[in-house]
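To start, the structure under review is shown below, and the notes come after it.
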Amino acid sequence: MGPKDTASPTRRRVVAMGAGILSAPALVAVAGQVAAQQAPGSGRSGQGDGVPAMQNPLTQYPKPPFPRQAKQDPPGLAGLMNPRPDHGETSYRGSGRLAGRKALVTGGDSGIGRAAAIAFAREGADVAIGYLPVEEPDAREVIELIRAEGRKAVALPGDIRDEGFCRRLVADAVQQLGGLDILVNNAARQASQKSIEDITTEQFDATFKTNVYAMFWITKAAMPHLQPGAAIINTSSIQAYEPSENLLDYAQTKACIVAFTKAMAKQLAPRGIRVNSVAPGPIWTPLQPSGGQPLEALDSFGAKTPLGRPGQPAELAATYVLLASQESSYVTGEVYGVTGGNPTA
Ligand code: NAD
Ligand code: MG
């Protein structure tokens with residue numbers, strides 16, 4: 001926390017509560033405290049409900065130094081992070097931009113995928129989320145939040161390193177949603193290693209299976225179901241452009257995702273299907289304290305960005321909505337950076 005954050009009683013309460021897993025209603029209450037600063041219509045802009053208040057992005061969210069994070073096994077849970085990530089639970093306001101659409105979001109239980117899933121539901125979409133079975137506590141919260149919007153929520157646990165599961169994931173999403181209009185390939189694994197000599201073949205294989213093969217299998221399985229107007233969004237990373245020495249295998253997969261996005265955009269343009277990517281910078285999600293970074297590195301996570309802090313998942317939601325919606329009808333093959341100011345090219 002920076003000096004301003006520690007001065008805030010609200011922030012202190014959030015930090016204190018961040019240590020345990022909370023029920024969905026409690027989660028909304030806590031996220032509400034975090035989100036209170038950016039509550040629509042509550043700022044000095046003086047605008048009405050549904051309009052986010054103007055404020056300084058430097059101080060909008062927690063910034064380093066952070067308290068030492070609890071070590072988690074991958075894939076990790078959002079509820080064990082301190083402070084808890086803000087996925088837009090109380091702040092995201094929809095305006096019908098995805099009314100009636102059917103979306104599948106892999107890794108939709110936590111982090112960036114959860115923020116996209118919540119936003120899609122608030123924009124009027126029915127949403128299926130993929131996740132690993134051990135993430136059921138996070139997934140349950142998202143399912144409840146989607147249902148609270150009166151939208152259909154479909155929970156699809158399973159391991160996307162398995163081609164057969166990837167095919168079933170798409171088939172089940174299509175069957176239970178009644179079709180598919182938006183596919184978000186977002187699930188990933190990230191395991192920090194100091195040296196190439198520490199990366200086993202098993203790790204290399206698992207990283208590529210999760211981040212690259214699964215995207216290929218899931219997209220391929222989705223093809224027969226996507227109509228003109230459909231949108232595919234693949235989560236890449238600034239790591240595709242500025243690879244860190246400790247993320248050798250992960251960074252390569254993120255470069256693959258950029259190439260896949262650009263080639264698929266050309267391939268699917270004649271079918272009226274757009275394909276784009278979001279390239280996040282450092283974002284406060286369970287990917288990081290569950291082996292994605294050494295825990296001590298998280299104390300200053302995001303400090304090296306021009307904005308001086310990590311992004312919160314909620315800060316990516318509008319980008320996923322934009323790329324999914326008809327408003328971006330002329331945008332395809334694009335990689336949209338959400339990085340706090342570090343360049344993606
Ligand atoms: P996250 O841990 O909240 O989400 C990743 C999700 O991937 C997990 O919730 C899990 O459900 C899913 N997943 C992992 N292995 C899986 C498997 N074998 N089978 C099924 N699902 C599996 O973390 P996040 O940061 O929100 O990650 C979302 C995306 O954002 C990822 O593609 C990640 O590479 C990307 N990204 C994150 C950051 C960051 O700093 N957090 C930066 C750049 C890009
Ligand atoms: Mg998760």
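All values below come from the heavy atoms of this structure, side chains included, with hydrogens, waters and symmetry mates left out. Each ligand, and each atom within it, is numbered from 1 in the order the structure gives. These numbers come from a predicted model, not from an experiment.
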Which ligand 1 atoms does Gly158 reach within 4.0 Å, using its non-hydrogen atoms?
19 (N), 20 (C)
I need the Cys166 SG to Tyr213 OH distance, nearest 0.5 Å.
12.5 Å
Which heavy atom of the protein is the closest neighbour of atom 14 (C) of ligand 1, given with residue, atom name and distance?
Ala188 O, 3.2 Å
Answer with yes or no after comparing the ring centroid distance for Phe66 and Trp284 against a 6.0 Å cut-off, counting only values under it.
yes
Taking N or O atoms only and a 3.5 Å limit, does Ile160 qualify as a polar contact for ligand 1?
yes
Any N/O/S atom, backbone or side chain, of Tyr131 lying under 2.8 Å from the Mg ion (ligand 2)?
no
So which protein heavy atom does atom 26 (O) of ligand 1 come closest to, and at what separation?
Ile112 N, 2.7 Å
Between the main-chain N or O of Ala148 and the side-chain N or O of Arg151, is there a donor-acceptor pair closer than 3.5 Å?
no
Side chain or backbone of Asp109 under 4.0 Å from ligand 1, or both, or neither, by non-hydrogen atoms?
side chain
Within the side chain of Asp126, is there an N or O that forms a donor-acceptor pair under 3.5 Å with the backbone of Lys102?
no
Would you check if the side chain of Lys254 reaches a backbone N or O of Pro243 as a donor-acceptor pair within less than 3.5 Å?
no
Do Arg189 and ligand 1 have an N or O pair less than 3.5 Å apart?
no
In ligand 1, which numbered atoms sit nearer than 4.0 Å to a non-hydrogen atom of Pro286?
3 (O)
min-distance N/O/S atom, Asp109 vs the Mg ion (ligand 2), resolves to OD2
Atoms of ligand 1 less than 4.0 Å from Glu135 heavy atoms?
8 (C), 9 (O), 10 (C), 11 (O)
Do the side chain of Glu242 and the main chain of Ala240 share a donor and acceptor less than 3.5 angstrom apart?
no
Determine, stepwise, if the pair Arg114 / Glu135 fulfils salt bridge (charged side-chain N to carboxylate O under 4.0 Å, His left out).
CA-CA 12 Å; Arg114 179 194 287 216; Glu135 297 176 293; over 6 Å; no
Ligand 1 versus Gln288, non-hydrogen atoms closer than 4.0 Å: side chain, backbone, both, neither?
side chain
Backbone, side chain, both or neither: what part of Trp284 comes under 4.0 angstrom of ligand 1, heavy atoms only?
neither
Test applied, side-chain contact (heavy atoms from CB on, under 4.5 Å); reference residue, Val275; option that passes from Gln267, Lys262, Met264
Met264
Any donor-acceptor pair under 3.5 Å linking the side chain of Gln193 with the backbone of Leu247?
no
Is the backbone N or O of Asn186 less than 3.5 Å from a side-chain atom of Thr106, with the two atoms forming a donor-acceptor pair by type?
yes
Which residue holds the protein heavy atom closest to atom 25 (O) of ligand 1, what is that atom called, and what is the gap in Å?
Thr285 OG1, 2.6 Å
Just distances here: any N/O of Tyr131 and N/O of ligand 1 closer than 3.5 Å?
no
Examine the proximity of ligand 1 to Gln239 and report which part, side chain or backbone, both or neither, has a heavy atom under 4.0 Å away.
neither
Of Ile238, Thr207, Asn186, the residue with the heavy atom nearest atom 28 (C) of ligand 1 is Asn186
Does any N or O of ligand 1 fall below 3.5 Å from an N or O anywhere on Phe301, backbone included?
no
Looking at non-hydrogen atoms alone, which of Ala116, Gly130, Gly111, Ser110 comes nearest to atom 4 (O) of ligand 1?
Ser110
For Tyr336, look at atom OH and say whether over 12 heavy atoms of other residues, nucleotides or ligands are found less than 6.0 Å away.
no
When distances are taken from atom 34 (O) of ligand 1, the protein heavy atom at minimum range is Tyr250 OH, 2.5 Å
What protein heavy atom sits nearest atom 38 (C) of ligand 1, and how far off is it?
Gly281 O, 3.8 Å
Indicate yes or no for a side-chain donor-acceptor contact from Gln72 to the backbone of Leu77 under 3.5 Å, with no hydrogens or angles considered.
yes
Atoms of ligand 1 under 4.0 Å from any heavy atom of Leu287, numbered from 1 in the order shown, are 2 (O), 23 (O), 25 (O), 33 (C), 37 (C)
Any idea which atoms of ligand 1 are less than 4.0 Å away from a heavy-atom of Thr235?
29 (C), 30 (O), 32 (O), 35 (C)
Tell me which part of Ala187 gets within contact of ligand 1: side chain, backbone, both or neither, using heavy atoms under 4.0 Å.
both
Atom 6 (C) of ligand 1: the protein heavy-atom neighbour that sits closest, reported with distance to 0.1 Å:
Gly107 CA, 3.7 Å
Any donor-acceptor pair under 3.5 Å linking the side chain of Arg274 with the backbone of Val331?
yes
Please examine the side chains of Ile232 and Leu268, heavy atoms only from C-beta on, and report whether any two atoms are closer than 4.5 Å.
yes
What atoms of ligand 1 come closer than 4.0 angstrom to any heavy atom of Pro282?
40 (O)
Does atom CD of Glu296 have more than 12 heavy-atom neighbours, drawn from other residues, nucleotides or ligands, at distances under 6.0 Å?
yes
If you consider just the N/O/S atoms, which atom of Glu135 is the closest one to the Mg ion (ligand 2)?
OE2
Donor-acceptor check, side chain of Arg147 to backbone of Ala153, threshold 3.5 angstrom: yes or no?
yes
Determine whether the side chain, the backbone, both or neither of Pro310 has a heavy atom under 4.0 Å from any heavy atom of ligand 1.
neither
For atom 44 (C) of ligand 1, what's the nearest protein heavy atom and its distance?
Ser236 O, 3.2 Å
Is it the side chain (CB and beyond), the backbone, both or neither of Thr210 that lies under 4.0 Å from ligand 1, heavy atoms counted?
side chain
Per side chain to side chain donor-acceptor pair (under 3.5 Å), Thr207 is matched among Arg161, Glu202, Arg189, Gln252 by Arg189
Can you name the atoms of ligand 1, numbered from 1 with element, that are less than 4.0 Å from a heavy atom of Lys254?
31 (C), 32 (O), 33 (C), 34 (O)
Contact check: Gly113 vs ligand 1, nitrogen or oxygen atoms, below 3.5 angstrom:
no
For Asp159, take its heavy atoms, then give the atoms of ligand 1 lying under 4.0 Å from any of them.
17 (C), 18 (N), 19 (N)
For atom 16 (C) of ligand 1, which protein heavy atom lies nearest, and how many Å away is it?
Leu132 CD1, 3.5 Å
Between Thr235 and Tyr320: side-chain donor-acceptor atoms closer than 3.5 Å:
yes
How long is the span from the OG atom in Ser95 to the CD atom in Glu123, to the nearest 0.5 Å?
4.5 Å
